[in-house]
Number of protein chains: 2
Amino acid sequence: MSGVATEVIPPQLQLDSQLCFPLYAASRMITRLYQDKLGPLGLTYPQYIVMMVLWESAPCAVKTVSARTLLNTNTLTPLLKRLEQQGLISRQRDSVDERVVVLHLTDAGRSLRDECECIPSALLNKVVAEEDDLLQLKQLLGRLLPALKAGLEED
Amino acid sequence: MSGVATEVIPPQLQLDSQLCFPLYAASRMITRLYQDKLGPLGLTYPQYIVMMVLWESAPCAVKTVSARTLLNTNTLTPLLKRLEQQGLISRQRDSVDERVVVLHLTDAGRSLRDECECIPSALLNKVVAEEDDLLQLKQLLGRLLPALKAGLEED
DNA sequence: ATATATTATATCGTGCACGATATAGTTGTG
DNA sequence: CACAACTATATCGTGCACGATATAATATAT
């Protein structure tokens, strides 16, 4: 007998009974898996997420990237400056509305996309999981995200 | 025509077709939701995760917390020092094996558990989602996590 | 036209995450 | 016993995340 825990842990507070923890852990592990592939290309995982938005939407404002990634400018501004220093994007104030910073892809930024194209499938091969599970997971998260957003926005 | 994107984005690189992004976003949003409840108690979300492990397993070694949370000592050591400074835990070298740091809960650390008990259900109320979806999500992540761990451990 | 509010971005401070490396203690082997 | 291999924890450096706050530009309302 360890002298301490004859007391029972309420089930709400057991790590295994919580949804939040596996989500947190899985997210970190996936980030690490991506990092293995992204590191050689000089990208971090959040930078990769931002580049995906830019490959879809550039030229666009910081605000667009913010809305899409759900990251604020206190995260994005320094991240975008690093992408600029790496020569992947350019940042210029919009001459019409001087509040807006417009993000453009450079040639290097555009061509980086080709090198990233193989990454998702390479990771799928590495993580052996039922394809069905992954599809279902995506659908569930797709439904959960709006609920989470709503939960955050109410006061 | 915007002059740029007549080119087609390969579907693997569209944010919406990826599993990784919603996982990353959902994890961050849940962290923020928890933070709203945890802040008043003086805890961060990762600290709360660690405390949950300790409520289950203390007294135990740092290694135990590491195995359970999948966090390394470069994250845990400073986090545990902060918990110690807040008077929630104590850290002492094991006299039998001096490499091991044993973590004990203080009275304050133990009683904090009662204050955290209501948090998970409070958040469930705030995030309006099908109970079924959440259960399914947990099961899917439970299957995915071992696959991710395996993917990370192979070279 | 002039306050006033709103918007877009930036800055600051704190605390994760994590790769890389270090260090001290322990165990195993010849 | 010596010495290599292993283990548990710590340290360092970089880059997120994010709450709080600041600032400048634009829009709105008197």
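In the text below, chain A, chain B and the rest are named by the order of the sequence lines, each starting its count at 1. Note that these values count all heavy atoms, side chains included, but never hydrogens, waters or copies made by symmetry. If you're wondering where the values come from, they're calculated on a predicted model, not measured in any experiment.
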Starting the side chain at C-beta, find the nucleotide from [options] nearest to [X].
X: A/Gln47; options: C/dG15, C/dG25, D/dG15; value: D/dG15
X: A/Arg93; options: C/dA10, C/dC16, D/dA10; value: C/dA10
X: A/Thr75; options: D/dC12, D/dT9, D/dC18; value: D/dC18
X: A/Lys63; options: D/dT26, D/dT9, C/dA8; value: C/dA8
X: A/Arg82; options: D/dT9, D/dC16, C/dA8; value: D/dC16
X: A/Leu71; options: D/dT26, D/dC18, C/dG19; value: D/dC18
X: B/Lys81; options: D/dC18, D/dT11, C/dG25; value: D/dT11
X: B/Arg99; options: C/dA24, C/dT9, C/dC18; value: C/dA24
X: A/Asn74; options: C/dC12, D/dT9, C/dA10; value: C/dC12

Would you say [N] has OP1 or OP2 under 4.0 Å from some side-chain N or O of [X]?
X: B/Arg32; N: D/dC18; answer: yes
X: A/Thr73; N: C/dA8; answer: no
X: A/Tyr24; N: C/dA17; answer: yes

- [ ] Determine the contact category for A/Leu79: base if any of its heavy atoms lies under 4.0 Å from a base atom, sugar-phosphate if only primed atoms, P, OP1 or OP2 are that close, otherwise nothing.
- [x]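 If one applies the 4.0 Å heavy-atom cut-off, A/Leu79 turns out to touch the sugar-phosphate alone, with no base involved.
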Open item on the list: Within the 4.0 Å heavy-atom criterion, would you say B/Val96 contacts the bases, only the backbone, or no part of the nucleic acid?
Closed with: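 The residue B/Val96 makes sugar-phosphate contact but no base contact.
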Protein-nucleotide distance ([X], atom [atom1]; [N], atom [atom2]), rounded to Å:
X: A/Gln92; N: C/dA10; atom1: CD; atom2: C1'; answer: 18 Å
X: A/Arg28; N: D/dC16; atom1: CZ; atom2: P; answer: 17 Å
X: A/Leu83; N: D/dC16; atom1: CG; atom2: C1'; answer: 13 Å
X: A/Leu38; N: D/dG15; atom1: CG; atom2: P; answer: 15 Å
X: B/Arg91; N: D/dA8; atom1: CZ; atom2: C1'; answer: 13 Å
X: A/Leu43; N: C/dG19; atom1: CG; atom2: C1'; answer: 17 Å
X: B/Gln35; N: D/dC16; atom1: CD; atom2: P; answer: 20 Å
X: B/Asp36; N: D/dG19; atom1: CG; atom2: C1'; answer: 10 Å

Open item on the list: Is the shortest side-chain heavy-atom distance between A/Gln92 and A/Val101 below 4.5 Å?
Closed with: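 Sidechains of A/Val101 and A/Gln92: no contact.
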TODO: Determine whether A/Met51 and A/Arg113 make a side-chain contact, defined as any pair of heavy atoms from C-beta on separated by less than 4.5 Å.
DONE: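 No. Closest side-chain heavy atoms not under 4.5 Å.
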Task: In one Ile/Leu/Val/Met/Phe/Trp/Tyr side-chain cluster, 4.5 Å: A/Leu41, A/Leu80 - done: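 A/Leu41 and A/Leu80: one cluster.
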Open item on the list: On DNA chain C, does the nearest nucleotide to B/Leu70 precede the nearest nucleotide to A/Thr77 from the 5' side, or the other way round? Give the residue.
Closed with: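 By nearest-heavy-atom nucleotide position, the 5'-most residue is A/Thr77.
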- [ ] Using heavy atoms to find the nearest nucleotide of DNA chain C for B/Asp97 and B/Thr31 separately, return the residue whose nucleotide is more 5′.
- [x]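 Nearer the 5' end of the strand: B/Thr31.
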Open item on the list: Let me confirm one number: the CD-CD distance from B/Gln35 to B/Gln47, rounded to the nearest 0.5 Å.
Closed with: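 Those atoms lie 8.5 Å apart.
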Open item on the list: Between the side chains of B/Glu84 and B/Arg91, is the shortest nitrogen-to-carboxylate-oxygen separation below 4.0 Å, so that they form an ion pair?
Closed with: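 Looking at B/Arg91 and B/Glu84, the cut-off is met.
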- [ ] Test the A/Arg32-A/Tyr34 pair against the cation-pi criterion, namely NZ or CZ under 6.0 angstrom from the six-membered ring centroid and within 45° of the ring axis.
- [x]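 No, a cation-pi geometry is absent between A/Arg32 and A/Tyr34.
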